[in-house]
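So that the names make sense, note that chain A is the first sequence line, chain B the second, and so on, each numbered from 1.
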Amino acid sequence: MTPAARCVSIIPCPRAGRQGFQVGGGTVEDRFEQERMATVEALRAKGVDPYGSRFDGVAPVAQIAGAYEEGRVVRVAGRMTAMRNFGKAAFADLRDSSGKIQLYMKQDMLDPASVEVLQVLDLGDVIGVDGKLGKSRTGEITVFASGLRMLSKALLTPPEKWHGLRDVEIRYRQRYVDLWANPDVMATFRRRTQIIGAIRRYLDERGFLEVETPMMQAIPGGAAARPFVTHHNTLDLALYMRVSPELYLKRLLVGGMEKVYEINRNFRNEGISTRHNPEFTMMEVYQAYADFNIMMDLTEGLIGSAIDLLHPSRKISYGLHELDFTSPWRRATYDQLLKEHAGVGLDDEAGLRSKAKELGRDPNGEIAAVADRLFESCVEHQLIQPTFVTHYPITLCPLTKASATDPRFAERFEMYIAGMECANAYTELNDPIDQEHRFRNQVEQAEGQLRVVDEDFVRALKVGMPPAGGLGIGIDRIVMVLTNSPCIRDVILFPLMR
RNA sequence: GAGGGUGUAGCUCAGUUGGCAGAGCACCGGAUUUUUAAUCCUGUGGCCGUGGGUUCGAGUCCCACCACCCUCACCA
């Protein structure tokens, strides 16, 4: 009996597998599972292996349907998701990762072993099929089976055939059901892989080197988020899951990797929402001798390459919005957008404070902070079309280089799509003394929170880091936009569940 | 962390004013050799999220807890 003996059907307990769920005294055997177990035994008794092995020469069903040829001998395999039984014959739907195809299984067209399989076939079983391609009376492309092999007998009942698996909690927890029961889900994750592939290709073609830097760090740095804490036993060492790879990628700039990037997980011990998962995929890229303007072009280029792959028209529906990614994307200053959506500019201190008060936000404190509250309240969610926001007030960006031409502003942009922050880029600070001061200020201001100066990083800057542009892109959010997914959990295969 | 919502059969969902626990799909048995949510007949299936309380009587009302969803807060 498995540890989750109580959890007998595919769905019944969302927390299957968790410790402590096992019921003491007398396991509850599910009726459906018992029936299918009996089938397994019956097959074995007849010398048929209910859990088959290697099955060579399988073609994707979409490919077979796409290159239809009357009478062609084909071999397919997949999960049986529907069956229409007529006694001595039956139609069934066979689904693989490419799509589905109809099977026609008639007893007098099958060898005896296959008839045994047909007689015990249940929804959800994984089967292998040999047959000839043809069309049914209604014109549907159909494999007319001559041989059936049971490749894996399903013991648990699949979701309902018409409505499918809707319960979002079960979908996230039992993605292994969700993926085949809801074809859109499979399509979304296929696209996710394609998007990341396009981004990699774009960077690789331009001479960027993909690297992997530590996810377990003794000093978590590169972002202000709270880290997850863990512990190394034999070293008796506190370690932190990284909140950002930034400080390591910059060390690589120092080491002479002039164009470097990483696509991998970051971990932030913060709230969860439709746009935040505790572990999420970030792409960070650094380019020596560049600045944030070059990063802006890079952002548009690499996201554009992914869009061209999936949406060549560059027009994308996202929820109720029609997004237009035709180049060039809008570039606007922070001040400009504040005036546009909040009706006050950065130079109008009294106006900013009264507007904040009007909106019920804190009107006190440093004026840039007040402005930023207004930016959050009034501007961010209005940035539906892809928009680069530039010229952030320098005090909002303590780790960015100030503009050489106007030191009130930082050399930074954020890029928004559908009201979501999707990218963030700087002209990176490479003055070690300046950096050290800013680190120490941060530590002083981080009351109670863990914050330690990464002395080795300062040392690295002292060795000399070339001036550089740095860019971070939230991959999950880009995938959300490009797959019309309203929730970050819809684009993460196994999102965190309590 | 705050507010709102949801939780009923394996799945998708009804459940009236507090009065016998329901449907469709799935499943068991029967009929059916071109259907596609196949059809027809028949039957099985319930810890109503968990634990308390009110009541003659609770799926329904009250309290607490658990999980999930939404909004907000946190998140340079």
Side-chain angles (χ1 to χ4, degrees), chain A residues 6-15 18 21 23 28 30-36 38-39 81-93 100-110 122-124 134-142 144 154-174 177 181 222-227 243-244 246 266 268-278 280 360-361 368-369 372 376-377 392-400 410 412 414 421 424 426 438 442 445-446 449 472 474 486-487 489 495 497-498:
Chain A
R6 171 77 188 276
C7 306
V8 277
S9 177
I10 280 191
I11 308 301
C13 86
R15 308 181 80 177
R18 292 194 94 210
F21 193 86
V23 243
V28 185
D30 182 79
R31 179 168 54 95
F32 298 113
E33 187 175 5
Q34 279 183 330
E35 284 166 7
R36 291 188 180 215
T39 302
T81 55
M83 177 142 77
R84 299 171 286 281
N85 208 320
F86 290 84
K88 295 192 174 61
F91 288 94
D93 293 342
K100 73 176 180 187
I101 197 163
Q102 177 166 262
L103 308 177
Y104 183 64
M105 301 170 291
K106 194 161 68 158
Q107 280 192 6
D108 54 22
M109 287 168 60
L110 295 168
D122 286 314
L123 295 184
K135 287 190 176 170
S136 70
R137 188 171 288 169
T138 53
E140 178 160 349
I141 293 173
T142 300
F144 290 81
L155 294 179
L156 304 184
T157 315
E160 202 237 17
K161 64 182 174 188
W162 185 243
H163 299 94
L165 183 57
R166 288 270 181 79
D167 185 308
V168 291
E169 180 172 359
I170 301 169
R171 287 186 39 224
Y172 297 148
R173 289 187 193 276
Q174 300 183 24
V177 179
R226 279 174 294 177
V243 293
S244 161
E246 174 161 348
N266 287 351
R268 297 190 179 177
N269 206 338
E270 308 282 357
I272 296 175
S273 78
T274 50
R275 290 169 297 280
H276 299 82
N277 194 63
F280 64 101
R361 303 294 306 256
D372 208 42
E376 281 169 20
S377 295
Y392 278 74
I394 186 69
T395 51
L396 294 178
C397 315
L399 299 185
T400 315
R412 172 194 187 185
E414 288 197 357
E421 180 194 336
N424 188 7
Y426 305 129
R438 296 193 195 194
Q442 276 194 325
Q445 284 166 14
Q449 283 200 37
C487 178
R489 288 175 152 184
M497 303 294 280
R498 196 187 307 237

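- Using a 4.0 Å heavy-atom criterion, one finds that A:Phe280 contacts no nucleic acid atom at all.
- Under the 4.0 Å criterion applied to side-chain N and carboxylate O atoms, A:Glu270 and A:Arg226 are assigned as salt-bridge partners.
- Across B:C70 and B:A26, the matching P atoms stand 31 Å from one another, rounded to whole Å.
- Heavy atoms of A:Arg412 sit under 4.0 angstrom from primed sugar atoms or phosphate atoms, though from no base atom.
- Comparing the C1' positions of B:C61 and B:G18 gives a spacing of 8 Å, expressed to the nearest Å.
- Going from the P atom of B:U17 to that of B:C13 covers 23 Å, rounded to whole Å.
- Base-pair partner of B:G22: B:C13 (Watson-Crick or G-U wobble, both distances under 3.5 Å).
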* Structure fact -> The contact string for nucleotides 23-29 of chain B, one letter per nucleotide 5' to 3', using protein heavy atoms under 4.0 Å with B, S and - for base, sugar-phosphate only and none, comes out as -BBBBS-
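- B:C20 and B:G5 have their C1' atoms separated by 31 Å, given to the nearest Å.
- Using a 4.0 Å heavy-atom cutoff across all strands shown, A:Gln102 reaches at least one base atom of the nucleic acid.
- Across all strands shown, B:A31 is found opposite B:U39 as a Watson-Crick or G-U wobble partner, with both distances under 3.5 Å.
- Between A:Arg226 and the phosphate of B:C74, there is no side-chain N or O to OP1/OP2 separation shorter than 4.0 Å.
- Among all heavy-atom pairs drawn from A:Thr395 and A:Ala368, the shortest one is OG1-CB, 3.1 Å.
- At a threshold of 4.0 angstrom between heavy atoms, the contacts of A:Asp167 are confined to the sugar-phosphate backbone, with no base atom among them.
- Across all strands shown, B:A67 pairs with B:U6; the Watson-Crick or G-U wobble distances both stay below 3.5 Å.
- Atom CD in A:Glu270 sits about 17 Å away from atom P in B:C72, given to the nearest Å.
- In this structure, CG of A:Leu165 is placed 14 Å from C1' of B:C13, rounded to the nearest angstrom.
- Distance check on atom P: B:C63 versus B:C27 gives 43 Å, rounded to whole Å.
- Looking at heavy atoms from C-beta onward, A:Glu140 lies out of side-chain contact with A:Lys135 at the 4.5 angstrom threshold.
- With both pairing distances under 3.5 Å, B:A58 is matched to nothing as a Watson-Crick or G-U wobble pair.
- Residue-to-nucleotide contacts include no donor-acceptor pair under 3.5 Å from the side chain of A:Arg137 to the base of B:U34.
- One atom, CG of A:Asp108, and another, P of B:U34, lie 11 Å apart when rounded to the nearest Å.
- Nearest to the side chain of A:Phe86, among B:U33, B:C68, B:U12, sits B:U33.
- A cation-pi arrangement is not found for A:Arg412 relative to A:Tyr426, the charged atom failing to lie both closer than 6.0 Å to the ring centre and inside a 45° cone about the ring normal.
- Distance noted for atom C1' between B:U60 and B:G22: 15 Å (whole Å).
- In the interface, the side chain of A:Glu140 is not paired with the base of B:U34 through any donor and acceptor atom under 3.5 Å apart.
- When both pairing distances are held under 3.5 Å, B:C72 makes a Watson-Crick or G-U pair with B:G1.
- Within the model, atoms CG of A:Asp93 and NZ of A:Lys100 stand 4.5 Å from one another, a figure rounded to the nearest 0.5 Å.
- Close to B:A38, at under 4.0 Å from its OP1 or OP2, lies a side-chain N or O of A:Arg84.
- Counting heavy atoms from C-beta on, the side chains of A:Leu123 and A:Met83 come closer than 4.5 Å.
- Side-chain contact check for A:Ile272 versus A:Pro278: some heavy-atom pair is nearer than 4.5 Å.
- Taking atom C1' in both B:A9 and B:G59, one finds a spacing of 14 Å when rounded to whole Å.
- Checking side-chain atoms of A:Arg84 against main-chain N and O of A:Phe91 turns up no donor-acceptor pair under 3.5 Å.
- Using a 30° and 60° split on the angle between ring planes, A:Tyr104 and A:Phe144 fall in the perpendicular class, above 60°.
- For the C1' atoms, the distance linking B:U32 with B:A38 amounts to 11 Å, nearest Å.
- Side-chain contact check for A:Val177 versus A:Pro159: some heavy-atom pair is nearer than 4.5 Å.
- Proximity of A:Arg166 to the phosphate of B:U12: no side-chain N or O atom is located under 4.0 Å from OP1 or OP2.
- Side-chain atoms of A:Arg361 lie closest to B:A73 of the nucleotides B:A73, B:U34, B:A67.
- Counting any heavy atom pair closer than 4.0 Å across all strands shown, A:Thr274 reaches sugar-phosphate atoms only and no base atom.
- In this entry the distance linking CD of A:Glu376 with P of B:A73 reads 8 Å, nearest Å.
- Between A:Lys100 atom NZ and B:A37 atom P there is a gap of 9 Å when expressed in whole angstrom units.
- Between the side chain of A:Asn85 and the base of B:U35 there is no donor-acceptor pair of N/O atoms closer than 3.5 Å.
- A:Gly222 and A:Glu246 get closest at one heavy-atom pair: O-OE1, 3.4 Å.
- Within the nucleic acid shown, A:Gly134 has no heavy atom closer than 4.0 Å to any nucleic acid atom.
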Could you go through nucleotides 1-4 of chain B and list every protein N or O atom that sits under 3.5 Å from one of its N or O atoms, giving the distance for each pair?
none

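- At a threshold of 4.0 angstrom between heavy atoms, the contacts of A:Phe144 include nucleobase atoms, whether or not backbone atoms are also involved.
- Nearest-nucleotide assignment on RNA chain B puts the 5′-proximal partner with A:Gly139, out of A:Glu414 and A:Gly139.
- Atoms CD1 (A:Ile170) and P (B:G10) sit 11 Å apart, rounded to a whole Å.
- Ion pairing between A:Glu160 and A:Arg166 fails under the 4.0 Å rule for side-chain N and carboxylate O.
- Protein atom CD of A:Gln174 is 14 Å distant from nucleotide atom P of B:C68, rounded to whole Å.
- Taking atom CZ of A:Arg498 as the reference point, atom C1' of B:C66 lies 9 Å away to the nearest angstrom.
- Residue A:Arg173 places at least one side-chain N or O under 4.0 Å from the OP1 or OP2 atom of B:C68.
- Residue-to-nucleotide proximity on RNA chain B shows that, of A:Ala82 and A:Phe91, the 5′-proximal contact is made by A:Phe91.
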* Apply side chain to side chain contact (heavy atoms under 4.5 Å, CB included) to the pair A:Lys161 and A:Thr81, showing each step before the final yes or no. => CA-CA 8 Å; A:Lys161 64 182 174 188; A:Thr81 55; over 6 Å; no
